[in-house]
K.L.:
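Handing you a structure now.
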Amino acid sequence: MRERDVPQEGNATLAGHRKAMYAVGDDGKLRLVPSRGWEVEEIVTRQAVEDLERRANEARERVLAGATSPLEYHMYRARMDVALLAQATGLWRWRVRRHFTPRVFARLPQRLRRRYAEALGISVEALGKLE
Amino acid sequence: MSSLLHHHGLPLSEPMAFGLASALAFAYLPCVRINGQPLIAFRMPPRAIVKGLQRGLGLGIRFETFSSPASGTARLDTLLDAGKLVGLQAGIFWLPYFPPDLRFHFNAHNLLVYGRDGDDYLVSDPVAEAPARCARKDLEKARFAKGVLAPRGLLYYLTSQPSAPDWARLGTRALARTANIMLRTPLPLIGVRGIEMLARRVGRLPLDGGGDRARLYIGHIVRMQEEIGTGGAGFRFMYATFLQELAGKTGYTALNALATRLVEIGDRWQEFAVAAARMIRRRDALTPPALAEHLRAIARDERLFFQELHRVQSAWAC
């Protein structure tokens with residue numbers, strides 16, 4: 001990559017941060033050049049973020065329809081999946097999945113709620129609600 | 001890592017540290033899952049990089065991991081109070097100074113803590129341009145993030161002063177090691193064969209359901225390539241910089257030609273990313289075989305490049 005080819009397209013997902021890249025200068029030497037971001041990166045980052053947001057929204061619909069518990073919604077909000085949430089809480093995956101059942105979630109002891117809230121980085125009260 | 005050595009009186013640029021640690025690699029690990037997608041790495045894991053450098057330079061580096069967050073934080077405080085610079089591994093998701101859109105659950109991230117101001121740590125992060133601040137609670141959470149490649153509070157620091165190195169000796173060794181990793185790892189997942197394996201996987205991507213899953217998979221490859229740190233193609237450019245600097249330091253000019261070739265390979269990776277992004281955005285029709293062909297071409301280039309690197313290295317040794 002030539003120094004003048006370093007992308008400066010402005011990547012919104014970097015939120016104003018700049019990134020340094022190595023590029024070839026006119027003298028043939030490689031050096032660090034600050035980049036404001038590349039459209040390609042923005043596309044793939046937005047794609048991943050949107051996919052997670054879509055999952056969270058679908059979970060939200062299902063919570064409102066009484067088909068799942070707020071736990072699943074908060075899991076996607078925290079950009080996690082069942083495997084990661086299970087590891088973060090130290091619970092088995094089938095237990096996490098079981099806690100997606102609204103009836104089971106409603107009876108969840110305070111101890112487990114604290115564990116989930118801690119792993120998701122939210123408060124215990126927030127865990128039981130949508131937002 | 002580079003700044004850690006600077007602090008201890010050994011001026012070593014980031015590309016030099018990267019190259020001498022033989023950190024350039026490629027690995028496609030389908031069994032390690034990140035958000036349901038395979039791990040695709042363009043460099044060695046952080047700990048291997050630091051270790052590679054340690055071996056080369058004869059540094060005294062101590063690694064510590066902790067079973068409980070409280071003891072990890074206490075140890076970090078003790079070291080900082082003793083005036084040490086401390087390197088850490090941390091999960092990106094919990095670091096508040098990261099741009100929100102980039103905060104995924106990715107654990108193999110390295111940063112450097114150089115001081116403490118009340119309850120805030122002063123952090124030097126390769127991603128952020130300026131030094132950042134990070135609250136004690138957040139850093140603890142990030143250091144003890146769970147999941148794939150969990151850092152378990154890993155910290156490291158230098159215990160002895162580095163001595164002036166013999167660049168030629170270190171250089172030959174590092175080049176040989178990188179060529180070995182890329183060409184002769186007995187697993188088909190690592191090195192040039194890993195790229196070919198990934199190409200086969202991409203070529204076989206199913207297009208059912210409008211191809212959304214295939215798009216996510218391709219997007220994931222590009223994300224692993226470009227987003228993490230200076231990115232996959234970026235590591236190719238960084239290694240090229242290392243080859244140039246090494247040539248400058250030792251006077252072995254054959255390395256300059258290699259640097260030029262590697263820059264071209266980095267450009268190929270970026271072209272691959274552009275082609276993939278166009279398919280994700282539906283500007284081009286989704287054709288995984290075309291992307292697979294692109295990857296195979298890159299694999300061919302890299303094989304030739306590393307064979308050449310090996311030849312140049314052997315010619316240097318005698």
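Below, chains carry the letters A, B, ... as their sequence lines are ordered, and counting in each starts from 1.
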K.L.:
Please check: side-chain N/O of B/H220 versus main-chain N/O of A/A48, any donor-acceptor pairing under 3.5 Å?
P.N.:
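Checked: no pair found.
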
K.L.:
Under the side chain to side chain contact (heavy atoms under 4.5 Å, CB included) criterion, do A/M80 and B/K146 qualify, and how do the steps go?
P.N.:
CA-CA 11 Å; A/M80 291 187 178; B/K146 299 285 171 44; over 6 Å; no

K.L.:
Suppose a student defines contact as a heavy atom less than 4.5 Å from any heavy atom of chain B. Which residues in residues 83-115 of chain A would they list?
P.N.:
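Listed by number: A/L84, A/Q87, A/A88.
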
K.L.:
Does any non-hydrogen side-chain atom of B/R281 lie less than 4.5 Å from one of A/Q47?
P.N.:
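When only atoms from C-beta onward are counted, B/R281 and A/Q47 do not touch, as no gap falls below 4.5 Å.
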
K.L.:
Checking heavy atoms, do the side chain of B/R215, its backbone, both or neither come under 4.5 Å from chain A?
P.N.:
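It is both, since atoms from each part get that close.
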
K.L.:
Please list, in residue-number order, every residue in residues 51-74 of chain A that has a heavy atom less than 4.5 Å from any heavy atom of chain B; write 'none' if there are none.
P.N.:
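Those residues of residues 51-74 of chain A which have a heavy atom under 4.5 Å from chain B are A/D51, A/L52.
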
K.L.:
Any chance you could measure B/L216, atom CG, to A/E50, atom CD, to the nearest 0.5 Å?
P.N.:
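Going from CG on B/L216 over to CD on A/E50, the span is 10.5 Å.
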
K.L.:
Heavy-atom cut-off 4.5 Å, strictly under: side chain, backbone, both or neither for B/F93 against chain A?
P.N.:
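For B/F93, the contact with chain A is made by the side chain alone.
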
